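Handing you a structure now.
Since this is a predicted model, take the numbers as computed values, not measurements. Index from 1, following the sequence.
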Amino acid sequence: MILRHADLERELEWTETEHLCELVIENPKFLREVIKDLTISEEEKELSATKDGKLLKFDKDVDVVFNPLKLDFNSKRAMTTLLKLLVKTSVSEDFYLTTNNLKTKIVKYLSDVIDAGEFEFEVSTDDFTMDSIAKAVSIHIVGDEDDFVELLTDYVSMMADLANIKLFVFVNLRLLLSDEDVERLRHNLDNHQINVLLLEGMAQERLKDVPRWLIDRDLCEI
């Protein structure tokens with residue numbers, strides 16, 4: 001994966017062995033422009049990202065996180081995919097008979113409740129899918145709340161699997177992490193093969209083995 005900007009010469013590249021990169025922009029105006037490109041749906045952008053030669057769509061393929069202390073594990077696109085996976089699994093060879101037996105029991109239970117109340121209703125179909133049940137019991141995706149690095153890892157791995165996110169951008173995350181935390185995060189990202197960009201507004205000590213692209217206040221590339 002490659003990240004480019006039309007007004008800059010350098011670029012950032014994620015490889016099969018490098019899944020964490022850092023982009024430091026010390027110029028406030030330019031930082032705002034980059035964040036705007038990442039978050040606002042417009043056809044013409046100065047910033048672009050490609051993976052395997054295909055242009056990423058920032059509104060679908062990229063997740064920009066401004067507050068990592070309040071991660072949304074249960075976003076609409078993640079839950080929609082999760083429900084689809086539940087339906088697919090429920091009719092698989094391993095669960096087909098169990099699913100049909102459960103649906104039969106649910107229909108019978110509802111019929112018995114209706115009969116007991118002497119209501120003039122009937123259950124007319126058992127043609128429903130398991131996502132209806134999942135919605136009724138309110139399934140929630142959870143992460144490891146006790147370990148911040150593991151929480152971040154849980155979030156990106158789940159969203160990559162469920163929402164097909166190809167690039168995660170964390171804004172000023174280094175303010176909340178020690179260098180040891182970043183190293184743990186980098187190790188986890190390599191294991192999961194997930195690409196993350198640290199977008200920072202202030203340069204800190206350079207991280208070991210993490211590609212960095214620095215644009216200073218004078219818009220010089222370092």
task = Supply the atom-to-atom distance N27 CG to R217 CZ, rounded to the nearest 0.5 angstrom.
result =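 These two atoms lie 7.5 Å from each other.
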
key: side-chain hydrogen bond (donor to acceptor under 3.5 Å, both in side chains) partners for E26, two or more places apart   = none

inquiry  = With a sphere of 6.0 Å drawn around CZ of F95, does it hold more than 12 non-hydrogen atoms of other residues, nucleotides or ligands?
reply    = no

query = What distance separates D72 CG from M79 CE, expressed to the nearest 0.5 Å?
reply =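 If we round to the nearest 0.5 Å, D72:CG and M79:CE are 10.0 Å apart.
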
ask   = Do side-chain atoms of E200 reach the backbone of L173 as a donor and acceptor pair under 3.5 angstrom?
value =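 Indeed, once roles are kept as given, a pair shorter than 3.5 Å links the two residues.
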
ask   = Is it the case that one hydrophobic cluster holds both L219 and I222, taking links as side-chain heavy atoms less than 4.5 Å apart, direct or via other members?
value =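 No, because L219 and I222 fall into different hydrophobic clusters, even though each may have its own neighbours under 4.5 Å.
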
note = Here the side chain to side chain donor-acceptor pair (under 3.5 Å) pairs for residues 167-179, sequence neighbours left out, are E22-R174, R174-D179, S178-E180, S178-D181

request  = Would you give the length of the straight line joining atom OG of S111 to atom CD1 of I106, rounded to the nearest 0.5 angstrom?
outcome  = 11.5 Å

request  = Report the residues that fulfil salt bridge (Lys or Arg N to Asp or Glu O under 4.0 Å) with K135, sequence neighbours left out, ordered by chain and then residue number.
outcome  =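 Counting only residues at least two positions away or on another chain, K135 forms no salt bridge (Lys or Arg N to Asp or Glu O under 4.0 Å).
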
inquiry  = Let me confirm one number: the OG-CG distance from S157 to L152, rounded to the nearest 0.5 Å.
reply    =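 Rounded to the nearest 0.5 Å, the OG-CG separation comes to 10.5 Å.
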
key: pair K29-R32: side-chain heavy atoms closer than 4.5 Å   =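 The answer is yes; the side chains approach within 4.5 Å.
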
request  = Of all the heavy-atom pairs spanning L214 and A203, show the shortest one and how long it is.
outcome  = CD1-CB, 4.2 Å

task = Measure the shortest side-chain to side-chain distance between L151 and D146 over non-hydrogen atoms and say whether it is less than 4.5 angstrom.
result = no

query = Can you name the closest pair of heavy atoms from F58 and L38 and give their distance?
reply =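 Reported closest heavy-atom pair: CB-O, 3.7 Å.
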
key: For R10, all residues meeting salt bridge (Lys or Arg N to Asp or Glu O under 4.0 Å), sequence neighbours excluded   = none

request  = Output yes when a side-chain donor or acceptor of T89 lies under 3.5 Å from a complementary backbone atom of L86, and no otherwise.
outcome  = no

query = So do T99 and M130 actually touch side chain to side chain, heavy atoms under 4.5 Å?
reply = yes

Where P68 and L176 come nearest, the two heavy atoms and their spacing = CG-CD1, 3.6 Å

inquiry  = Test of understanding: with salt bridge (Lys or Arg N to Asp or Glu O under 4.0 Å), list the residues that count as partners of D161, not counting sequence neighbours.
reply    = none

query = Does the side chain of E18 reach to within under 4.5 Å of the side chain of V210, using non-hydrogen atoms?
reply = no

request  = Could I get the full list of ring pair (Phe, Tyr, Trp, His ring centres under 6.0 Å) partners for Y155, not counting sequence neighbours?
outcome  = F73

request  = Ignoring hydrogens and angles, tell me if any N or O in the side chain of N67 forms a donor-acceptor pair with the backbone of L69 under 3.5 Å.
outcome  = yes

Evaluation steps, side chain to side chain contact (heavy atoms under 4.5 Å, CB included), between V65 and V171 = CA-CA 6 Å; V65 178; V171 180; over 6 Å; no

key: Residue pair R186 / L189, side-chain heavy-atom distance below 4.5 Å   = no

request  = Report the residues that fulfil side-chain contact (heavy atoms from CB on, under 4.5 Å) with M1, sequence neighbours left out, ordered by chain and then residue number.
outcome  = W14, K51, L56, K166, L167, N195

inquiry  = Walk me through whether H19 and N191 qualify under side chain to side chain contact (heavy atoms under 4.5 Å, CB included).
reply    = CA-CA 9 Å; H19 296 88; N191 287 339; over 6 Å; no

inquiry  = Quick check against the 3.5 Å criterion: does D52 have a side-chain atom that pairs as donor or acceptor with the backbone of K54?
reply    = no

key: ring pair (Phe, Tyr, Trp, His ring centres under 6.0 Å) pairs, two or more places apart, involving residues 181-222   = none

key: V62 side chain near I165 side chain, heavy-atom distance below 4.5 Å   =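 A side-chain contact is absent here, since even the closest heavy-atom pair is not under 4.5 Å.
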
ask   = Taking a hydrophobic cluster as the set of Ile, Leu, Val, Met, Phe, Trp and Tyr residues connected by side-chain heavy atoms closer than 4.5 Å, whether directly or through intermediates, do L3 and I215 fall within one such cluster?
value = yes

inquiry  = Applying a strict under-4.5 Å side-chain criterion to I, L, V, M, F, W and Y, I'd like to know whether L23 and V182 cluster together.
reply    =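 Each belongs to a different hydrophobic cluster.
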
query = With a 3.5 Å cut-off and no angle check, do the side chains of D131 and T129 form a donor-acceptor pair?
reply = yes

inquiry  = I need the M158 CE to I194 CD1 distance, nearest 0.5 Å.
reply    =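 Between M158 CE and I194 CD1, I get 10.5 Å after rounding to 0.5 Å.
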
request  = Could you tell me which residues satisfy side-chain hydrogen bond (donor to acceptor under 3.5 Å, both in side chains) with E13, sequence neighbours excluded, listed by chain and number?
outcome  =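 Once residues adjacent in sequence are excluded, E13 has no partner under the side-chain hydrogen bond (donor to acceptor under 3.5 Å, both in side chains) criterion.
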
ask   = Are the aromatic rings of H5 and F30 close, with centres under 6.0 Å apart?
value = yes

inquiry  = Give me the atom names and distance for the closest heavy-atom approach of I25 to L31.
reply    = CG2-N, 3.6 Å

inquiry  = With clusters defined by side-chain heavy atoms of hydrophobic residues (ILVMFWY) lying less than 4.5 Å apart, directly or transitively, does L47 cluster with F170?
reply    = no

query = Linking I/L/V/M/F/W/Y whenever their side-chain heavy atoms sit closer than 4.5 Å, directly or via other members, would L199 and F66 fall into one cluster?
reply =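 Yes, L199 connects to F66 through the hydrophobic network.
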
ask   = Got a donor-acceptor contact below 3.5 angstrom from the D63 side chain to the F168 backbone?
value = no

inquiry  = How long is the straight-line distance from CZ of R206 back to CZ of R212, given to the nearest 0.5 Å?
reply    = 5.5 Å

ask   = By side-chain hydrogen bond (donor to acceptor under 3.5 Å, both in side chains), which residues pair with T15, not counting sequence neighbours?
value = T17

inquiry  = For a 4.5 angstrom cut-off between non-hydrogen side-chain atoms, does L198 reach C21?
reply    = no

ask   = Is it the case that more than 12 heavy atoms not belonging to Y109 sit under 6.0 Å from its OH atom?
value =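 Open: at most 12 neighbouring heavy atoms sit under 6.0 Å from OH of Y109.
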
inquiry  = Strictly distance-based, threshold 3.5 Å: is any side-chain N or O of D37 a donor or acceptor partner for the main-chain N or O of E46?
reply    = yes

query = Looking at I35, V169, L197, which hits side chain to side chain contact (heavy atoms under 4.5 Å, CB included) with V64?
reply =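 Among I35, V169, L197, the one that satisfies the side chain to side chain contact (heavy atoms under 4.5 Å, CB included) with V64 is V169.
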
key: All side-chain hydrogen bond (donor to acceptor under 3.5 Å, both in side chains) counterparts of T153, not counting sequence neighbours   =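 Scan of T153 (side-chain hydrogen bond (donor to acceptor under 3.5 Å, both in side chains), adjacent residues dropped) gives N188.
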
key: Residues which pass salt bridge (Lys or Arg N to Asp or Glu O under 4.0 Å) with E221, listed by chain and number, not counting sequence neighbours   =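 If we apply the salt bridge (Lys or Arg N to Asp or Glu O under 4.0 Å) test to E221, skipping adjacent residues, there are no hits.
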
